[in-house]
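For reference, the structure discussed in these notes is given below.
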2 protein chains.
Amino acid sequence: MTKIDDVARLAGVSTATVSRALRGLPTVSAATRRRVLAAAEQLQYAVSPSASRLAGGRTATVAVIVPRITRWFFGTVVEAVEETLHESGYDLLLYNLGGRERTRQRVLGTANLHKRVDAVMLVATPLRRAELAALTVLDLPGVTISSGSGVPGWPCVRIDDVAAARTATRHLLDLGHRRIAHISGDPDDELAFTTHLDRRRGYQEALRAAGIEPDPGLDVESQFTIDGGEQATVELLARGEPPTAIFAACDEMAMGAMSTLREAGLRVPQDVSVIGIDDHDLSGVLGLSTIAQPAAEQGRLAARLLLDPLDGRDLPPPGGPLILPTRLVVRDSTAPPRAD
Amino acid sequence: MTKIDDVARLAGVSTATVSRALRGLPTVSAATRRRVLAAAEQLQYAVSPSASRLAGGRTATVAVIVPRITRWFFGTVVEAVEETLHESGYDLLLYNLGGRERTRQRVLGTANLHKRVDAVMLVATPLRRAELAALTVLDLPGVTISSGSGVPGWPCVRIDDVAAARTATRHLLDLGHRRIAHISGDPDDELAFTTHLDRRRGYQEALRAAGIEPDPGLDVESQFTIDGGEQATVELLARGEPPTAIFAACDEMAMGAMSTLREAGLRVPQDVSVIGIDDHDLSGVLGLSTIAQPAAEQGRLAARLLLDPLDGRDLPPPGGPLILPTRLVVRDSTAPPRAD
DNA sequence: CTGAAAGCGCTTACAG
DNA sequence: CTGAAAGCGCTTACAG
């Protein structure tokens, strides 16, 4: 393929000038730039990323690390991030941890990311001590979305999980429910994220504010998936008298809960109300009440926070975490409890 | 950071030997290899990908191009591909076309991929003539999943869309339906894939085999999304007497259809049966009958077909397209038509 | 505004 | 099995 020397020869300039003209640096005369661009066009020249990266020390690549790309939240975040990154000329290296310890170690436990990317985006993946140490050594810039306490020095984008859970629970309380169950994340969750802890806290706070002491028998741990919601609900029903309402820590769990309830002959919302968090694409179709969170917006904002310093736009670093708003969406899955 | 010279010095060998030892080449004595590995370990050495790629001419990176990562099929494919690629030490560059013409041009219309990746995976993205020409010039190896006629020289993994649609339609015919509507892709679909053409053909073939001439009034074009399914169903209902069954070209459209039917006061399946194609994660929850297709398996197989030649495993190239099996899954959304 | 030259950090024939 | 040296294709001070 053609390389920079070919373009330089055709345009009658040095390779340094070609390099500058093609990258839009200001120190090139308009006439020269025109000639270079024409030559590059004519030769169908495309820069070699490897050579450019080695010489320039920048990769124009970002690693995006998610637990599971197939879950609604992560897919939506990645889509928004991808668009923002590519618009700015950055490549996106996707890492889907998928609960695989080996993958996690390869990505986070070594210097693998070193010189491979200019920055890292960590989505809902709180780091263990050793991983944090490894990343700190690499001294890479980054941003986290919804990743627990985050990484020192990295901005953090998220929602207020405690408040979201409080709002969901209070919605059920306002409808008159007292026996409100919670299904949420497993501490041994293979995805190892901590969002569920905050959501549980909000649930408990709302109950206590209403004078109700949380009943551990109504709190079941499982995975943040449809299957997880089904299993948790099966467990819940096996424990005895069903609750009159279930607050699921995410919409996918809520959907699993709805499915299991229906199979058990319980109607939603007549017998049991269900609410989740997310506002998944299909929540409308299922009539699921939920706390909507802006997934794409979190992705876009996080990408911007990464790109701005990389591209030399030095905004004042955000003080605390950047917390985006959530919103209660009432549909058909929540109603007052039966009066019996 | 430490580089290969540091390792060479500590191990007391040349950089060439370090390079060979670290990459596991056979032409290194066991003792030397041990010393090199120990030195690399001690210095926390990680190779610079840019330098390695420039010198070696291989990027160990694959571009994966999908229409929309948030759709079930593409998310599931990408997850499987990611795992297969990373297991073999390859990076995954994600391109989400998202119906954006500019993105599409940047990725497919230029030499952008040149020297950036060793191979390309094109998912459900038939190429236009100019794009095909551009790719052909780059002379990159690749594989397609479900991408129309594919790319000459690239293996193609897919299902038999005509047969899948035939099976879905026949299922409805077998239940006794005659007024069977079809909702499917738009020829002007911004995602520009052609799967819907095959699925429409299967629908029409099944009808004709049953002695029914397809009624254009029962065939509505829209997008392959939940919204698309809703809009198509609204349109269908606006055209007059509703059909007794709807065959949607994918599960997301089918879910949109179910939602709109319910809002219109029509019960599924008592008033209208609905069937899709995919076996989406949520099809079970929604009780949607469907033709299941193995999305993850298509991704894994396609990744293998890409990796094997790159890694020097030269399998006999597949003769025709690799067609994976589909399977009718009957749930609660299909039933005989009302006898009135 | 432009060019000559060094250098980025590896891998690969080639020679031994 | 190992090493010296060239080369991969750019970018970046530096000088003018």
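Only this structure's heavy atoms are used, side chains among them; waters, hydrogens and symmetry mates stay out. Chain naming here is simple, since letters A, B, ... match the order of the sequence lines and numbering starts at 1 in each.
Comment: Asp6(A) engages Arg9(A) in a salt bridge, judged by a side-chain N to carboxylate O separation of less than 4.0 angstrom. Between Arg53(A) and Asp118(A) no salt bridge is recorded (no basic side-chain N to carboxylate O distance below 4.0 Å). Taking a cutoff of 4.0 Å between a charged side-chain nitrogen and a carboxylate oxygen, Glu79(B) and Arg100(A) do not qualify as a salt bridge.
At dT11(C), one or more side-chain N or O atoms of Ser19(B) fall inside 4.0 Å of OP1 or OP2 (strictly under the cut-off). Listed pair Tyr45(A) / dG9(D) fails the phosphate criterion, with no side-chain N or O lying under 4.0 Å from OP1 or OP2. Within the structure, a side-chain polar atom (N or O) of Thr17(A) is placed less than 4.0 Å from OP1 or OP2 of dG3(C).
Among the heavy atoms of the strands lying under 4.0 Å from Thr27(B) is at least one base atom, whether or not backbone atoms are also near.
In this structure, OG1 on Thr17(A) lies 9.0 Å from CZ on Arg35(A), to the nearest 0.5 angstrom. With rounding to the nearest 0.5 Å, the separation of OG1 in Thr195(B) from CZ in Phe73(B) is 8.0 Å.
As rounded to whole Å, 12 Å separates atom C1' of dC1(D) from atom CG of Leu25(B). As rounded to whole Å, 7 Å separates atom C1' of dG9(C) from atom NZ of Lys3(B). We find that CG of Leu54(A) is positioned 9 Å from P of dC8(C), with the value rounded to whole Å. Residue Asp5(A) contributes atom CG, which lies 13 Å from atom P of dG7(D) at whole-angstrom precision. The CZ-P distance, from Arg20(B) to dT2(D), rounds to 8 Å in whole Å. Distance Leu22(B) CG to dT12(C) C1': 16 Å, rounded to the nearest Å. Atom CG in Asp6(A) sits roughly 11 Å away from atom C1' in dG9(D) (whole-Å rounding). Counting to the nearest Å, the P atom of dT11(D) and the CZ atom of Arg58(A) are 11 Å from each other.
The stretch residues 28-43 of chain B has no heavy atom under 4.0 Å from DNA chain C, so no residue of it qualifies as close.
Nearer the 5' end of DNA chain D, as judged by each residue's closest nucleotide, is the contact made by Val13(B), out of Ala51(B) and Val13(B). Where Ala16(A) and Pro26(A) meet DNA chain C, the nucleotide closest to each residue was compared, and Pro26(A) sits on the side nearer the 5' end.
Surrounding CD of Gln44(A) are at most 12 heavy atoms belonging to other residues, nucleotides or ligands under 6.0 Å away.
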Give the intermediate values and the outcome of salt bridge (Lys or Arg N to Asp or Glu O under 4.0 Å) for residues Arg300(A) and Glu297(A). CA-CA 5 Å; Arg300(A) 263 191 300 274; Glu297(A) 201 181 331; 5.5 Å; no
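Looking at the side chain of Ser52(A), the nearest of the listed nucleotides dC10(D), dT2(D), dT2(C) is dC10(D). The listed nucleotides are dG3(D), dC10(C), dG9(D); the one nearest the side chain of Ala55(A) is dG9(D).
Thr59(B) has its side chain out of reach of Arg116(B): every pair of non-hydrogen atoms, C-beta onward, lies at least 4.5 Å apart.
Using Watson-Crick or G-U wobble geometry with both donor-acceptor distances under 3.5 Å, dA13(D) finds no partner in any strand shown.
With hydrogens and angles ignored, no donor-acceptor pair under 3.5 angstrom links the side chain of Arg53(A) to the base of dG9(C).
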